[in-house]
Protein chains: 2
Amino acid sequence: MAEARPAILIVEDEPEIRHFLRASLTAEGYRVVESATGRRGTIDATTHKPDLAIVDLGLPDLDGIEVIRRIREWSPMPILVVSARGHERSKIEALDAGADDYVTKPFGVGELLARVRAALRHAVRPSEGNSVLRLEHATVDLERRRATRDGADIRLTPIEFRLVACLAKHLGRVVTHRQLLTEVWGPTHAKDTHYLRIYMKQLRDKLEADPVQPRHFQTETGVGYRLVVEE
Amino acid sequence: MAEARPAILIVEDEPEIRHFLRASLTAEGYRVVESATGRRGTIDATTHKPDLAIVDLGLPDLDGIEVIRRIREWSPMPILVVSARGHERSKIEALDAGADDYVTKPFGVGELLARVRAALRHAVRPSEGNSVLRLEHATVDLERRRATRDGADIRLTPIEFRLVACLAKHLGRVVTHRQLLTEVWGPTHAKDTHYLRIYMKQLRDKLEADPVQPRHFQTETGVGYRLVVEE
DNA sequence: CCGATTCTTGACGGGTTCCTTATGCGCGGT
DNA sequence: ACCGCGCATAAGGAACCCGTCAAGAATCGG
């Protein structure tokens with residue numbers, strides 16, 4: 001990388017929010033590129049090659065989701081979505097289109113920065129770590145297809161395993177119901193969200209210290225689930 | 001090996017992704033050869049003899065699957081497949097054609113490198129370790145095609161031998177039904193999982209101390225089998 | 001051509017996994 | 001307060017997978 005400071009692209013039409021974002025991010029040491037429209041954003045993404053993109057869904061010219069799609073055609077860079085409250089629908093569409101995470105307007109600086117850090121970390125991290133998930137009282141070895149609980153081996157069924165693998169692939173980020181269902185059960189069951197609840201419970205029972213207060217397998221109401229491992 | 005750094009062949013038509021791959025791989029210390037077309041790729045594979053090949057399925061001139069077939073005709077080098085999201089069908093075809101693993105576009109650097117390392121590790125294993133399996137009460141010499149049980153020689157049938165060899169090649173990892181069947185019986189019997197149960201029992205009867213509670217030949221329900229040797 | 005080994009095929013019981021159905025709970029909207 | 005929606009949880013039966021036995025083909029060496 002030419003520069004040590006990560007570059008972040010902001011695609012946001014409202015000047016208020018754009019400037020707020022720039023201020024917050026530069027204060028943290030990030031370099032910032034701003035685009036006020038969707039078209040401009042897709043161009044800036046290719047020319048500036050940022051390390052991360054923040055995309056508002058409510059753009060005047062080009063749908064934010066379309067922006068995400070166009071970036072995803074050629075780059076795996078982390079994409080953070082900013083959406084107005086209540087627009088669950090487009091939030092999900094954005095994630096399905098390839099976004100990595102989202103924040104809901106209005107949001108605090110802390111939340112935003114946390115997500116940015118998480119997204120950047122995940123973009124680089126996996127290269128160093130092996131494919132072993134380390135939870136509080138349990139571990140899951142994705143490559144060897146093995147799991148332990150308090151040191152002892154435990155069994156995961158094929159579906160349970162695929163589910164963990166799918167969540168682990170997007171560690172720390174939201175995975176939509178649709179994504180999980182199509183990857184684990186196939187496209188024909190893309191709407192059987194009920195399956196998820198059942199198997200998520202199984203995973204929590206087997207891997208969480210307290211299945212009732214899950215720390216790792218978090219549910220994102222109306223959207224999907226998220227797998228989190230502490231540092 | 002002439003060089004310590006493994007050489008990797010990239011067969012990919014889109015310049016963006018090709019350069020992204022080169023950058024990521026060279027940064028990790030790999031040597032890289034690029035081919036922009038399928039035909040070029042098959043040629044470069046023979047001339048450069050890379051340690052691993054990364055093949056995009058969506059090539060303009062020659063189907064990526066055809067590239068895999070042609071390489072597989074003469075080389076067992078690990079082949080990593082890159083495919084666009086949603087093309088489940090060709091992904092499976094690719095694996096059947098002899099590919100070792102796949103990543104879906106768009107993918108992160110970490111994921112890619114992890115798979116590359118895994119693939120290279122699998123490839124190096126059998127050559128570095130000696131080819132003698134030491135189990136609790138039995139040994140299997142894969143090179144000399146011999147086996148002992150409690151010190152005395154025992155006979156393994158050809159199929160039994162191929163089965164052990166296939167499991168030993170992926171020591172400690174699960175080998176899927178499909179993999180075992182295609183490697184031992186050929187692609188036409190890829191679904192006759194029944195064979196596996198029968199021959200697995202034979203192996204356990206001959207090599208396990210207690211065939212009913214197998215310690216080395218473990219079954220992974222719904223997925224495949226795994227060969228484990230204690231340290 | 002015959003016998004022995006090996007491979008294939010069929011059948012059955014037991015166990016696990018998976019799907020279905022049903023119920024309760026909490027939250028937000030009307 | 002009521003209702004609807006999404007989520008968590010429980011439980012039973014169906015489907016599937018595995019291990020096992022046994023007997024019929026195929027193969028091979030003599």
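A note on names: the letters A, B, ... follow the listed sequences, proteins ahead of strands, and every chain is numbered from 1.
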A:Glu14 side chain vs A:Glu16 backbone, donor-acceptor pair below 3.5 Å: no
Distance in angstrom units between B:Leu203 CG and D:dC18 P, rounded: 16 Å
Side-chain donor or acceptor of B:Glu208 paired with backbone N/O of B:Leu203 under 3.5 Å: no
For atom CD of B:Gln218 and atom C1' of D:dC18, their distance in whole Å: 15 Å
Whole angstroms only, please: what is the CG-C1' distance between B:Asp210 and D:dG19? 14 Å
Whole-Å distance between D:dC16 P and B:Arg197 CZ? 13 Å
Candidate list A:Arg178, A:Lys169, A:Arg162, test salt bridge (charged side-chain N to carboxylate O under 4.0 Å, His left out), partner A:Glu183, passing option: A:Lys169
Pairs under 3.5 angstrom only: tabulate donor-acceptor contacts from the side chains of residues 64-78 of chain B to other protein residues two or more places apart or in another chain.
{"unit_1": "B:Glu66", "atom_1": "OE1", "unit_2": "B:Arg69", "atom_2": "NH1", "d": "3.4"}
{"unit_1": "B:Glu66", "atom_1": "OE2", "unit_2": "B:Arg70", "atom_2": "NE", "d": "3.3"}
{"unit_1": "B:Arg72", "atom_1": "NE", "unit_2": "B:Gly98", "atom_2": "O", "d": "3.0"}
{"unit_1": "B:Arg72", "atom_1": "NH1", "unit_2": "B:Ser75", "atom_2": "O", "d": "2.9"}
{"unit_1": "B:Arg72", "atom_1": "NH1", "unit_2": "B:Met77", "atom_2": "O", "d": "3.0"}
{"unit_1": "B:Arg72", "atom_1": "NH2", "unit_2": "B:Met77", "atom_2": "O", "d": "2.9"}
{"unit_1": "B:Arg72", "atom_1": "NH2", "unit_2": "B:Gly98", "atom_2": "O", "d": "2.9"}
{"unit_1": "B:Arg72", "atom_1": "NH2", "unit_2": "B:Asp100", "atom_2": "OD2", "d": "2.9"}
{"unit_1": "B:Trp74", "atom_1": "NE1", "unit_2": "B:Arg70", "atom_2": "O", "d": "3.3"}
{"unit_1": "B:Ser75", "atom_1": "OG", "unit_2": "B:Met77", "atom_2": "N", "d": "3.0"}

Measure the distance from CG on A:Leu181 to P on D:dC7 and round it to the nearest whole Å. 11 Å
For D:dC21, does either OP1 or OP2 sit under 4.0 Å from a side-chain N or O belonging to B:Lys201? yes
Sidechain N-carboxylate O distance under 4.0 Å for A:Lys201, A:Asp205: yes
Taking CG from A:Leu196 and P from D:dG6, how many angstroms apart are they, rounded to a whole number? 14 Å
Whole Å only: how far is the CZ atom of A:Arg204 from the P atom of D:dC7? 11 Å
Sugar-phosphate, base or nothing in reach of B:Thr193, heavy atoms under 4.0 Å: nothing
Each nucleotide of nucleotides 16-30 of chain C classed B (base within 4.0 Å of a protein heavy atom), S (only sugar-phosphate) or -, in 5' to 3' order, makes -SBSBBB--------
Determine whether the side chains of A:Thr148 and A:Asp153 contain a donor N or O and an acceptor N or O closer than 3.5 Å. no
To the nearest Å, how far apart are A:Phe217 CZ and D:dC7 C1'? 17 Å
